[in-house]
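Okay, so here's the structure we're looking at.
Keep in mind the model is a prediction, meaning the values are calculated, not measured.
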Amino acid sequence: EALFLPIVGRNIIGAELRRLTASALQETQPALAPDQTRVAYIGIGAEGETDLYVTELASGETRNLTNSPQIAEETPLFAPDGASLAFASKASGDWAIYTISPAGAELRTLVDQPGSDEIQPAFAPDGATLFFASNRANGDWEIYSVPLGGDAWTNLTNSPTIDRFPVVGFGGKWLLYRAQTGDNSDIYRMNLDGSNRRRLTSAALYKGYPAATPAHTGLAYFVLDGAQ
């Protein structure tokens, strides 16, 4: 598998695709840098081993940032200033969130609660707050926020649904996320402090991976309807 970059301009439908990678890996979960000069992604080897990679769009130069195929990693995301990436890793045994530079240096822990999992990082527009999903509340998945450099978590959802996949969108005004009950899930939006929650989808389908469109006028998400 390879990564392709859709050239989104006047017309999203039928957009041209530009191939970015051509390795023997399965490449998944791409994330563009804020200046759109590089892309981060997870590379999966033949035995299921994973590493975090960055490819420079102009030169095609690719770097393996983690070089830890024995450790599961997922959901890379650039910080708003592009100087670092956040990603989830099982380096400590449980899922935790780490940060690393695009050169593969300065690896450090952002969020790690022993005995629970922390995944799917998202940054506030100013880069000062991290949003993420965690099952620390008796195994119940909720969306949390924490100031970078701090340890005071705030539970933003506090609901009986399985709340995951936080994404900051709409110019930083809203936090999107997926709430799941059984086999059905919907996309919600709320203020960055957890207030003013509103359901955006309502069809009886499984939905996930919400993302705001570049112009901040809509959202995209994945739908599983039993056929695809």
For [X] and [Y], which heavy atoms make the closest approach, and how far apart are they?
X	Y	answer
Phe87	Glu74	CB-O, 3.6 Å
Leu77	Ala122	CD2-CA, 3.5 Å
Ala133	Asp163	CB-O, 4.0 Å
Tyr41	Pro30	CB-CA, 4.0 Å
Glu142	Thr157	OE1-OG1, 2.6 Å

How far does CG of Asn184 sit from CD of Gln180, to the nearest 0.5 angstrom? 8.5 Å

To the closest 0.5 Å, what do you measure between OG (Ser84) and CG (Leu110)? 7.5 Å

Between Arg63 and Glu56, does at least one N-O distance fall below 4.0 Å, as a salt bridge requires? yes

Could you point out which residue of Leu25, Ile71, Thr66 forms a side chain to side chain contact (heavy atoms under 4.5 Å, CB included) with Asp51? Thr66

Consider only side-chain N and O atoms of Ser89 and Glu73, and report whether a donor and an acceptor are under 3.5 Å apart. no

Just checking Trp153 against Phe132, ring centres under 6.0 Å apart? yes

Keeping the roles fixed (side chain from Asp35, backbone from Thr37), state whether a donor-acceptor pair exists under 3.5 Å. yes

